[in-house]
2 protein chains.
Amino acid sequence: MATGRNHRPATRSRGIPEATVARLPLYLRALTALSERSVPTVSSEELAAAAGVNSAKLRKDFSYLGSYGTRGVGYDVEYLVYQISRELGLTQDWPVVIVGIGNLGAALANYGGFASRGFRVAALIDADPAMAGKPVAGMPVQHADELEKIISDNGVSIGVIATPAGAAQQVCERLVAAGVTSILNFAPTVLSVPDGVDVRKVDLSIELQILAFHEQRKAGEEADAEAASRKGPDGDMPAVMPA
Amino acid sequence: MATGRNHRPATRSRGIPEATVARLPLYLRALTALSERSVPTVSSEELAAAAGVNSAKLRKDFSYLGSYGTRGVGYDVEYLVYQISRELGLTQDWPVVIVGIGNLGAALANYGGFASRGFRVAALIDADPAMAGKPVAGMPVQHADELEKIISDNGVSIGVIATPAGAAQQVCERLVAAGVTSILNFAPTVLSVPDGVDVRKVDLSIELQILAFHEQRKAGEEADAEAASRKGPDGDMPAVMPA
DNA sequence: ATGTCTTTGTGAACGCGTGCACAAAGATAG
DNA sequence: CTATCTTTGTGCACGCGTTCACAAAGACAT
């Protein structure tokens with residue numbers, strides 16, 4: 001049992017750096033938009049601007065995939081869309097299960113971007129018997145008892161956990177035992193998984209706290225600059241100061 | 001990953017590395033759990049395990065905050081909770097607005113972790129007039145016309161964008177113009193913001209695509225391993241190497 | 001007081017990611 | 001065909017983050 005396997009497998013996946021992989025979806029989205037506007041080619045400078053990254057970085061990223069550009073011209077949009085899609089494995093169908101159909105789970109089930117590209121919601125699963133059979137996003141919720149069967153029957157390898165924190169680890173273990181090897185975790189918990197299983201975490205609370213940190217820093221710098229006169233009644237005096 | 005803050009200027013946050021800041025909420029969560037179990041002290045090894053990180057990394061992270069540990073003993077849980085909370089700016093109240101009350105926006109409004117620690121949902125805003133006045137999470141949705149007034153009246157500096165992609169940039173600009181300096185973006189778009197504004201992005205679709213990449217790689221390796229074992233004992237010979 | 005034991009705090013080495021700057025490659029015009 | 005212009009692909013250097021390994025610091029027992 002490995003402790004929270006959040007760090008990368010350390011092995012560069014087929015020579016493609018993790019940082020590059022994380023940007024490929026970004027490029028793909030920008031390219032898809034260009035494709036819909038029937039733009040035939042795009043330069044690294046233009047595409048980088050659309051994706052919000054540095055053009056040198058983009059070119060280096062693409063160089064890991066191969067030499068798909070034409071010097072003096074740029075990149076063929078359609079060809080690049082295909083190459084990135086293939087590299088990301090989006091040319092095949094990925095059945096996905098969502099476990100925990102509360103507010104968030106339901107929102108995820110309704111999320112359009114889910115079905116759009118290669119991903120298909122194979123089932124919605126909840127532990128509450130009262131939810132069973134209830135339609136969410138045009139699909140009946142199934143009871144957690146069926147979890148193993150659903151995963152096996154549909155060949156699901158990607159699971160989304162949207163349960164309360166307390167249930168997440170247990171759900172995770174059942175998913176893994178049933179054959180899931182990639183998990184997207186929305187529950188605010190560190191998941192322990194065996195080697196070979198990938199976990200990605202989406203944590204609203206953490207993102208907000210990081211923003212708060214920077215916000216506080218900005219406020220502090222402002223106050224220092226302005227000699228601090230008009231700040232709200234709640235300063236940050238220590239209310240609790242344990243020894 | 002935030003596109004608006006990719007090239008972070010020289011504003012290195014008071015000497016605390018960004019990577020460390022991103023982990024502080026993780027430590028805080030683990031410490032809060034210990035605190036609730038009335039555990040008085042914790043070693044770096046134990047806490048690191050609970051947070052799913054390396055213990056040396058944790059100690060180095062804490063060293064940026066100061067010397068809050070006692071050699072031979074560990075860290076005082078309550079004291080550390082306070083120090084990290086203060087460092088993250090969670091000892092003060094952060095009013096937050098959520099713009100775009102669709103499935104996701106409603107889920108966020110109902111999310112408990114929101115209110116739990118310093119963050120308070122000041123208003124729910126939507127552009128659809130039919131939504132106005134409708135209660136979501138015990139709070140009436142307000143029309144987008146009121147956006148500037150709401151932000152100004154409540155001193156909101158953090159905004160959450162949960163609108164469709166097409167509306168995100170425009171909403172973002174209005175938020176920034178009204179005084180918001182930190183944005184959490186759930187819309188699948190690259191946001192352009194002026195310097196001094198922090199953007200963090202949460203993108204379900206990107207996370208799934210990254211998982212798909214690794215999933216595909218796993219499947220490929222399996223196939224390679226099979227092929228290799230079928231061929232002969234020496235496993236690491238020329239895999240697929242396109243010219 | 002002294003020695004032993006535990007655990008922190010950190011110097012140093014290393015590896016990854018980023019961005020600059022430029023040569024190579026191809027398009028295009030004359 | 002040659003010259004020029006555009007844009008890619010990448011060698012290189014630099015800085016950040018991670019990890020190791022250990023000395024310093026304090027607790028605790030005798």
Side-chain angles (χ1 to χ4, degrees), chain A residues 3-24 26-27 31 39-77 79-80 83-84 210 243, chain B residues 1-3 5-24 26-27 31 39-77 79-80 83 210 243:
Chain A
T3 30
R5 231 57 343 225
N6 275 336
H7 55 275
R8 297 286 114 240
T11 48
R12 282 228 290 247
S13 318
R14 178 131 118 243
I16 301 183
E18 187 62 26
T20 295
V21 172
R23 278 188 296 269
L24 291 181
L26 223 51
Y27 303 145
L31 285 164
V39 177
T41 62
V42 65
S43 72
S44 64
E45 201 70 47
E46 291 167 326
L47 185 54
V53 303
N54 180 295
S55 71
K57 193 188 296 186
L58 178 142
R59 287 197 300 275
K60 182 149 290 189
D61 283 342
F62 285 175
S63 79
Y64 291 116
L65 308 184
S67 288
Y68 295 148
T70 304
R71 296 174 192 228
V73 176
Y75 299 91
D76 183 283
V77 172
Y79 187 54
L80 207 44
Q83 289 297 341
I84 295 179
I210 295 172
Chain B
M1 230 169 291
T3 321
R5 75 167 204 6
N6 266 348
H7 4 289
R8 174 163 301 287
T11 56
R12 265 186 287 290
S13 319
R14 193 163 49 203
I16 301 183
E18 187 62 24
T20 295
V21 173
R23 279 187 295 268
L24 290 182
L26 222 52
Y27 302 145
L31 285 164
V39 177
T41 62
V42 66
S43 72
S44 63
E45 201 70 47
E46 291 166 327
L47 184 54
V53 303
N54 180 295
S55 72
K57 192 188 295 186
L58 179 143
R59 288 198 299 277
K60 180 144 288 191
D61 282 342
F62 286 174
S63 79
Y64 291 115
L65 309 183
S67 287
Y68 295 146
T70 304
R71 295 174 193 230
V73 175
Y75 299 91
D76 182 284
V77 172
Y79 186 55
L80 207 45
Q83 288 297 344
I210 296 173

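In this structure, of dT8(C), dG17(C), dT18(D), it is dT8(C) that holds the atom nearest to the side chain of S44(B). In the set dT18(D), dT10(C), dG17(C), the nucleotide with an atom closest to the side chain of E18(A) is dG17(C).
For R71(A) and dC22(C), the shortest distance from a side-chain N or O to OP1 or OP2 is not below 4.0 Å. Close to dT7(C), at under 4.0 Å from its OP1 or OP2, lies no side-chain N or O of S43(B). One finds a side-chain N or O of K57(A) lying less than 4.0 angstrom from the OP1 or OP2 phosphate oxygen of dT18(C). An OP1 or OP2 oxygen of dC20(D) is reached within less than 4.0 angstrom by a side-chain nitrogen or oxygen of N54(B). Contact annotation: R59(B) does not reach the phosphate of dC20(D) (side-chain N/O to OP1 or OP2, under 4.0 Å). The phosphate of dG9(C) (OP1 or OP2) has a side-chain N or O of Y75(B) nearer than 4.0 angstrom.
V53(A) is listed as a side-chain neighbour of R23(A), based on a closest heavy-atom distance under 4.5 Å. Using a 4.5 Å heavy-atom threshold, the side chains of L24(A) and L65(A) count as touching.
Atom CG in L47(A) sits roughly 12 Å away from atom P in dG9(D) (whole-Å rounding). Distance D61(A) CG to dT18(C) C1': 10 Å, rounded to the nearest Å. At whole-Å resolution of the value, CD in E45(B) and P in dG9(C) are 14 Å apart. Atom CG in D76(A) sits about 16 Å away from atom P in dG26(C), given to the nearest Å. Distance CG (L65(A)) to P (dT10(D)): 12 Å, rounded to an integer number of Å. Look at OH on Y68(A): it is 22 Å from P on dT7(D), rounded to the nearest Å. Regarding L58(B), its CG atom lies at a distance of 14 Å from the P atom of dC20(D), rounded to whole Å. Atom-to-atom, CG of L80(A) to C1' of dT8(D) comes out at 13 Å; the value is rounded to the nearest Å.
Looking at Y68(B), Y75(B), F62(B) one by one, the single match for ring-ring contact (aromatic ring centres under 6.0 Å, His included) with Y27(B) turns out to be F62(B).
Across every non-hydrogen atom of D76(B) and T41(B), the tightest pair is CA-CG2, 4.3 Å.
When atom types are taken as modelled, the side chain of T70(B) and the backbone of V73(B) share no donor-acceptor pair closer than 3.5 angstrom.
Both V42(B) and A19(A) sit near DNA chain C, but only V42(B) has its closest nucleotide nearer the 5' end. When each of A56(A) and V73(A) is assigned the nucleotide of DNA chain D with its nearest heavy atom, V73(A) is the one assigned upstream, toward the 5' end.
Between the side chain of K60(A) and the base of dT18(C), no donor-acceptor pair of N or O atoms lies under 3.5 Å.
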